[in-house]
**Q** 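Pasting a structure here, questions to come.
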Protein chains: 2
Amino acid sequence: MDSKYISIYHEILAKIEDGEMAAGSKLPSETEMISEYGVSRDTIRKALHLLEQNGYIQRIQGKGSFVLDINKLSFPVSGLTSFKELAQKMTEPCLTLVKELEKIPADEFTREQLKLPEQAEVWKTVRVRQIGGKKIILDKDFLDARYVPELTQAICEDSIYEHLETKLGLKIGFAQKEVTVQQATQEDKKYLDFENYNMVVVVKNYTYLEDMTLFQYTESRHRPDKFKFVGFARRS
Amino acid sequence: MDSKYISIYHEILAKIEDGEMAAGSKLPSETEMISEYGVSRDTIRKALHLLEQNGYIQRIQGKGSFVLDINKLSFPVSGLTSFKELAQKMTEPCLTLVKELEKIPADEFTREQLKLPEQAEVWKTVRVRQIGGKKIILDKDFLDARYVPELTQAICEDSIYEHLETKLGLKIGFAQKEVTVQQATQEDKKYLDFENYNMVVVVKNYTYLEDMTLFQYTESRHRPDKFKFVGFARRS
DNA sequence: TAGTGGTCTAGACCACTGG
DNA sequence: CAGTGGTCTAGACCACTAA
């Protein structure tokens, strides 16, 4: 059960994404929305504030709220979005190939990444993401086995995130990301269709639960020509 | 004159960045802050919400607000931060070399990027960013001359953003960013210390004013080994 | 149970925009 | 001037956590 302002947020967002509210057009004023939705001004403002934060509208004092035309086609790799969620918005066919999947004692590297004690266990999985018939992305995931007791090939082929959130009830809070460009390794060239590129875009991702527990480390290795990061930023 | 919640935000932020509030420690409860700052609960909550959005704290229902230890050393290239603001947080000496600076009629490429009419004029500037003695970044800026009537070499060496915001009173609203990896051009190799790298990280940046006017297009071209993008993301 | 943050309401005043 | 969004207040109730 969503709160009122979340529901209103989704309602307006749907209108924007459906094109019912055209880019550049003016939203109803707060006063109008109060009677339209039958809620208090604060509730409306929370919904509008969310839309603004996520780059869908721009609010201008004395004028009103206006629909932005960005964030339409471009998929935002910024934010916390799973590959499955991205793939669903893409037109090209996507496929996930599970290359490795095992529960292992955490080695030194993994313990350091996930800040684990000795003798901790982790799930390790290596997956290749195929987009439009080409093997483009190599995903290496390490999950703290205390929070993820079981992991199957079917889950890895579908969506780990979805499994964590819906089946295990884990609440994902935030993530720290780091994007760098490195020399491609033999592993990159072995798993991906690399076509003479010698560099790889590495996206490191540290995922935390709502209670601030670090439970996942992911390394996404992209073929450089296929990598594109689209973001939206507001001036603080 | 900042609003109350912005002041309180900065006050708490200062305590976090100074280490007065250690990472992992618990902030005073909302009730305590109400009497501490003598404001209403809503005002406190606005400040805390800002801290949470920007990745400084994590709020947990029933428990309290806790200081996160990320966003400390790593400088966030995400968000809307000028090179000067970044440089001030870095230890290595930074230098900006202005290679080009002229007001020109917008060519077709520029008109398309900035959605300009024919016969519009733009300020074009090409700058090399030197960090730790190495020429690392090539910045190409195009600014709509209707909003930026004058631009000097001194301004470009210091900070264009600062000039726009303080001298011209332009209010920057948001930006759309795009990061890709491309083949390095002759221009890249001519201006930068490229050391046999054949690829370049290209950060395209479209900057809008608060009234949604697109007025600046920037292309930052980074040597791949020196590029690092650090971000913080929350789950929606 | 007491204390925490999350949601919602109602009302006030201010700053900015446009006619 | 009327209409817009921005800030601030005071109070209510709920959901969750910990002892």
Side-chain angles (χ1 to χ4, degrees), chain A residues 1-12 21 24-53 56-68 169-174 209-213 234-236, chain B residues 1-12 21 24-53 56-68 169-174 209-213 234-236:
Chain A
M1 179 52 190
D2 275 348
S3 50
K4 286 189 190 177
Y5 79 92
I6 296 286
S7 305
I8 296 174
Y9 165 76
H10 285 302
E11 221 167 297
I12 300 173
M21 313 286 277
S25 67
K26 186 172 164 300
L27 264 65
S29 71
E30 295 180 354
T31 325
E32 289 173 282
M33 290 194 180
I34 287 171
S35 41
E36 182 181 343
Y37 292 98
V39 296
S40 74
R41 187 177 171 211
D42 198 51
T43 302
I44 293 291
R45 285 178 61 78
K46 274 188 201 148
L48 293 175
H49 194 243
L50 250 188
L51 287 164
E52 182 174 40
Q53 290 287 25
Y56 294 105
I57 66 172
Q58 177 75 0
R59 316 195 67 202
I60 305 178
Q61 189 172 105
K63 285 189 179 176
S65 302
F66 300 86
V67 180
L68 294 177
L170 292 180
K171 286 176 186 167
I172 293 164
F174 56 92
L209 298 175
E210 268 190 350
D211 67 356
M212 303 191 294
T213 317
R234 286 199 173 274
R235 182 74 169 156
S236 68
Chain B
M1 177 52 189
D2 276 348
S3 49
K4 284 190 191 176
Y5 78 94
I6 297 285
S7 305
I8 295 174
Y9 165 77
H10 285 304
E11 222 168 295
I12 301 173
M21 314 284 281
S25 67
K26 185 174 164 299
L27 265 65
S29 72
E30 295 181 354
T31 324
E32 289 173 282
M33 289 192 179
I34 288 171
S35 42
E36 181 181 344
Y37 291 98
V39 296
S40 74
R41 188 179 169 209
D42 198 52
T43 302
I44 293 292
R45 283 178 62 77
K46 273 189 201 146
L48 294 176
H49 193 242
L50 251 188
L51 287 164
E52 182 174 40
Q53 290 288 25
Y56 294 105
I57 67 172
Q58 176 75 3
R59 318 194 66 200
I60 305 178
Q61 189 172 114
K63 285 187 178 177
S65 302
F66 300 86
V67 180
L68 295 176
L170 293 179
K171 285 177 187 167
I172 292 165
F174 55 91
L209 298 175
E210 268 189 352
D211 67 357
M212 304 190 296
T213 318
R234 286 198 174 273
R235 183 72 168 159
S236 68

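So that the names make sense, note that chain A is the first sequence line, chain B the second, and so on, each numbered from 1. Values below: all heavy atoms of this structure, side chains included; hydrogens, waters and symmetry mates excluded. In this text the structure is predicted, and so the values were computed from the model without any measurement.
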**Q** Could you tell me the separation between the CD atom of A:E30 and the P atom of D:dG6, rounded to a whole number of Å?
**A**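 Distance, rounded to whole Å: 7 Å.
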
**Q** Do any side-chain nitrogens or oxygens of B:K63 fall under 4.0 Å of OP1 or OP2 in C:dG3?
**A**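 Checking B:K63 against C:dG3: no side-chain N or O falls below 4.0 Å of OP1 or OP2.
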
**Q** Are OP1 or OP2 of D:dT9 and a side-chain N or O of B:K4 less than 4.0 angstrom apart?
**A**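 Yes.
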
**Q** Before giving the answer on side-chain hydrogen bond (donor to acceptor under 3.5 Å, both in side chains), spell out for B:Q58 and B:R234 the whole-Å C-alpha distance, their side-chain angles and the decisive distance to 0.1 Å.
**A** CA-CA 10 Å; B:Q58 176 75 3; B:R234 286 198 174 273; 2.8 Å; yes

**Q** Using the closest heavy atom to pick a nucleotide of DNA chain C for each, name whichever of A:G62 or B:P28 lands nearer the 5' end.
**A**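 This one resolves to B:P28.
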
**Q** Take atom CG of B:L209 and atom P of C:dT17, then tell me their distance rounded to the nearest Å.
**A**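 Answer to the nearest Å: 13 Å.
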
**Q** So, does A:T31 get its side chain near the phosphate of D:dG3, meaning an N or O under 4.0 Å from OP1 or OP2?
**A**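 So the side-chain polar atoms of A:T31 never come under 4.0 Å of the phosphate oxygens OP1 or OP2 of D:dG3.
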
**Q** Considering just the side-chain nitrogens and oxygens of B:S65, establish if one lies under 4.0 Å of OP1 or OP2 belonging to C:dG5.
**A**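 It does, given that an N or O in the side chain of B:S65 lies less than 4.0 Å from OP1 or OP2 of C:dG5.
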
**Q** Which part of the nucleic acid does B:I60 contact within heavy-atom distance under 4.0 Å: base, sugar-phosphate only, or nothing?
**A**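 Contact class for B:I60: sugar-phosphate only.
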
**Q** Does the base of D:dT7 carry an N or O that pairs as donor and acceptor with the side chain of A:R41 under 3.5 Å?
**A**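 Checked by distance alone, the answer is yes.
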
**Q** By nearest nucleotide on DNA chain D, pick out whichever of A:K171 and B:K46 is the more 5' one.
**A**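 Upstream on the strand: B:K46.
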
**Q** Heavy atoms only: give me the nearest B:Y5-B:T43 pair and the separation to one decimal.
**A**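 It is CB-O, 3.5 Å.
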
**Q** Identify the two heavy atoms, one from A:M21 and one from A:S25, that lie closest to each other, and give their separation to 0.1 Å.
**A**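 That would be C-OG, 3.9 Å.
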
**Q** Quick check: on DNA chain C, is the nucleotide nearest B:L27 upstream (toward 5') of the one nearest A:Q61, or the reverse? Name the residue that is more 5'.
**A**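 By nearest-heavy-atom nucleotide position, the 5'-most residue is B:L27.
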
**Q** Please give, in whole Å, the distance from C:dT9 C1' to B:D42 CG?
**A**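 Result: 11 Å.
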
**Q** So A:L27 and A:M33, do their side chains get closer than 4.5 Å, heavy atoms only?
**A**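 Yes - at least one pair of side-chain heavy atoms lies under 4.5 Å apart.
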
**Q** Rounded to whole Å, how long is the line connecting atom NZ of B:K26 with atom C1' of C:dG5?
**A**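 B:K26 atom NZ is separated from C:dG5 atom C1' by 10 Å.
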
**Q** Over how many whole Å does the gap from A:R59 atom CZ to C:dT17 atom C1' extend?
**A**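 Roughly 15 Å, once rounded to whole Å.
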
**Q** Does OP1 or OP2 of D:dT7 have a side-chain N or O of B:Y5 closer than 4.0 Å?
**A**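 Yes, B:Y5 has a side-chain N/O under 4.0 Å of OP1/OP2 on D:dT7.
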
**Q** Let me know the distance between CD1 of B:I57 and P of C:dT4, rounded to the nearest Å.
**A**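 Result: 15 Å.
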
**Q** So, does B:S29 get its side chain near the phosphate of C:dT4, meaning an N or O under 4.0 Å from OP1 or OP2?
**A**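 True: B:S29 side-chain N/O within range (under 4.0 Å) of C:dT4 OP1/OP2.
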
**Q** Do A:E210 and B:R59 meet the salt-bridge criterion of a basic N to acidic O distance under 4.0 Å?
**A**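 Answer for the salt bridge query: no.
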
